[in-house]
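Just so it is clear, the structure is predicted and the values come from calculations on it, not from any experiment. Naming: A, B, ... by sequence-line order, numbering from 1 per chain.
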2 protein chains.
Amino acid sequence: MNHKVTIADIARELNLTGATVSRALNNRKGTSEETRKMVQEVAERMNYRRDRIAWSLRSGRTNIIGVIIPSAEINFFGSVIHGIESMANQHGYNVLIYQSNEQPEYEQKGIETFLSTRVDGILASIAKETLDFSHYLEIKERGVPLVFFDRANDSLNIPSVVVDDFKGAYYATEHLIRQGYKRIAHITGQQHLKIFKDRLEGYKSALAAYGLPVEPDLIYQGNVSIEAGRQAIAHFLGLPQPPDAVFAVEDFTALGVVKELKDRGIDMPEAFGVVGFANESFDEHITPSLSSIDQQTVQMGKEAFKLLMEMINEGEEGTLVKSRVVLDPVPVYRQSSMRR
Amino acid sequence: MNHKVTIADIARELNLTGATVSRALNNRKGTSEETRKMVQEVAERMNYRRDRIAWSLRSGRTNIIGVIIPSAEINFFGSVIHGIESMANQHGYNVLIYQSNEQPEYEQKGIETFLSTRVDGILASIAKETLDFSHYLEIKERGVPLVFFDRANDSLNIPSVVVDDFKGAYYATEHLIRQGYKRIAHITGQQHLKIFKDRLEGYKSALAAYGLPVEPDLIYQGNVSIEAGRQAIAHFLGLPQPPDAVFAVEDFTALGVVKELKDRGIDMPEAFGVVGFANESFDEHITPSLSSIDQQTVQMGKEAFKLLMEMINEGEEGTLVKSRVVLDPVPVYRQSSMRR
DNA sequence: TTGAAAGCGCTAACAC
DNA sequence: GTGTTAGCGCTTTCAA
């Protein structure tokens, strides 16, 4: 019972040779209808399962893709994994995951085991700490398809799937303008991170599009945390002309804003409007519920897999697949900014 | 550059034979210190990576474990995956994930590909819809180690790692009693699910331990949702002798309770205490923050992997590993129930 | 239409 | 200490 059924076993059973059985099982041409049926029946009866290891060694493929994420505990990545796995599943691929814990050494190790496992392709989101990208370049050099998602690096010339941060910020700001807020502030994050810079640009651009001035006083540099949101409000309300709305660079900062405004008894959305970014799961449950920008995580996973698939299938020749997918973020308006 | 370096390449380079190179690389005895060094140097220089597929075919092992979860999008499972992967990583294992989407057919398919991939072991959380367990029994019959986590089935005699729901409910109820609440209600879930039944028992048991009566009126049968929480409160407050606290079977129901109490202007925790179950991420961000019972998800993943490892290592002989790990849940008390 | 043989890359048993 | 040989399970020539 415990013994694994192999092609040889089936061959013996039917007085055939392994080659024929293999052909029959894979519906290759060059086998009589008759034998094919017989073989498949017997295989079924003996509960045969093709050994993917042997198949891989022979074929040079594994039907496995490797995915490197900072941590599966972060909602965002769990969601992306969901998208990746469901697509992979549909295409007969399996997903191997590896967590970098934001550390380049782990990334490196993950890549090594992936290459060693001969995965057919790799999807990765770069660790925050990573500055040297040679391990990623090795993947490329080895000819293994690689696609970045969310955390990409433009200078490496590696295909990627990201969300349009500029646009998301533009949407958020525009929404506040249309809701009638007059002085809209922004709490930004560390400026060496591209996503935060892009969001700042989107904010500025929306203001400009509606003929509003960009006031340096209304841009607060935070460090992405609840506390930063609170501090920003303290700062803003101390201004001679305080703002009446704020677009925060991400939801935890926005949460701090909401908490601080509540503590100060300032009404949202009437007296003050707030929009965050990321559409975290707590957004809809806090009071007032928080408007935010959804980053299309599941879709991101799906697109990343699709892109990788194209690369795998096109092989060496290279019909030059689309190398950059930019997803449109989706605004989710809730109580914190909906005046009407 | 693109050509993969094999043991044969190194052997040729050094005028040795593959066997010797293999021995040297794996630090097997029976190689001179000298050759070993040379081989390892050349391997390094040529950027050799052992081919795990070939190694697996030869050794019959893969150093890969398969994990079946309902969905990676559910926080709970992302968190468990985090625990599993980090442990696996430490032990040189990789993690293949497969989502059942709560459907038995997918489970079945996942198991087939896992067996076909010759994973060294399988961790699984049973899909809600699954009634027939023959696919799980096949794993066992094939001699592949299997451990259930969270969603287990006791009648199958398969090792599992679960959290102690009874105890968690006991803690929650006891806490409310100690906070001085006099009439403590419970909102329960569908009684055909063991976890909900256990929580109900834990609730009753704590009341009994403190000499309090179990009043049927104070047990509301809900369906696990925000709405159920709201309805429960409407019901409770209509009673001749309403309760002054409620232990809800899980956090979304508790959230409904909190929302409804707020809408009715009832003060928490003074006039009414609330405790949920699961320690969802929104708990600490709502107002008042919600007391809950943490299910030790990361730890669950780690324990599940450890148990699986023991089974893998003990092999056929079977020293009979511990077959059931029951984790102690951890209460997290917040504003919704902390009177002092 | 089927069989024989080779080989994917590795390691273990046995010889020298 | 090193080489020879064989085989893990499969697929794919090439020959019959």
Between atom CG in A:L25 and atom C1' in D:dT12, what is the gap in whole Å?
15 Å
Pick base, sugar-phosphate or nothing for B:R36, based on heavy-atom distances below 4.0 Å to the nucleic acid.
nothing
Donor-acceptor check, side chain of A:S59 to backbone of A:W55, threshold 3.5 angstrom: yes or no?
yes
Would one find more than 12 heavy atoms of other residues, nucleotides or ligands at under 6.0 Å from atom OH of B:Y136?
yes
Any donor-acceptor N or O pair under 3.5 Å, side chains A:T35, A:S32:
yes
Aromatic ring pairing B:H91/B:F305, orientation class (parallel under 30°, perpendicular over 60°, tilted between)
tilted
Closest-nucleotide 5' rank along DNA chain D - winner of B:K29 and B:S59
B:K29
Under 4.0 Å, counting only non-hydrogen atoms across every strand here, what does B:R61 touch: a base, just sugar-phosphate, or nothing?
nothing
B:Q40 side chain to B:A24 main-chain N or O, any donor-acceptor pair under 3.5 Å?
yes
Atom-pair distance (CD on B:E33; P on D:dT2), nearest Å
11 Å
Is it true that B:S116 and A:R52 share a donor-acceptor pair across their side chains at a distance under 3.5 Å?
no
Under a criterion of less than 4.0 angstrom to any heavy atom of chain A, what are the 5'-terminal and 3'-terminal contacting nucleotides of DNA chain C?
C:dT1 to C:dG9
Just checking A:S32: base, sugar-phosphate only, or nothing, at a heavy-atom cut-off of under 4.0 Å?
sugar-phosphate
Short heteroatom pairs, N/O only, protein and nucleotides 13-16 of chain D, under 3.5 Å:
none

What's the shortest heavy-atom distance between B:V95 and B:I84, and which atoms?
CG2-CG2, 4.2 Å
Contacts of B:T20 and B:L57 projected onto DNA chain D by closest heavy atom; the upstream (5') one is B:T20
Could you identify which residues of residues 39-56 of chain B place a heavy atom less than 4.0 Å from some atom of DNA chain D, listed by residue number, or say none?
none
On the nucleotide D:dT2, are OP1 or OP2 found under 4.0 Å from the side-chain N or O atoms that B:T31 carries?
no
Can you name the nearest heavy-atom pair linking A:Y93 to A:I64, along with the distance?
CD2-N, 3.9 Å
Between A:E112 and A:K109, is there a side-chain N and carboxylate O pair less than 4.0 Å apart?
no
To the nearest angstrom, how far is B:I7 atom CD1 from D:dG3 atom P?
13 Å
Which atom names give the shortest non-hydrogen contact between A:S100 and A:A127, and what distance separates them?
OG-CB, 3.7 Å
Ion pair present between A:R142 and A:E138, side-chain N to carboxylate O less than 4.0 angstrom?
yes
Find the distance B:L16:CG to D:dT4:P and express it as a whole number of Å.
11 Å
Separation of atom CG in A:N26 from atom C1' in D:dT12, rounded to whole Å
11 Å
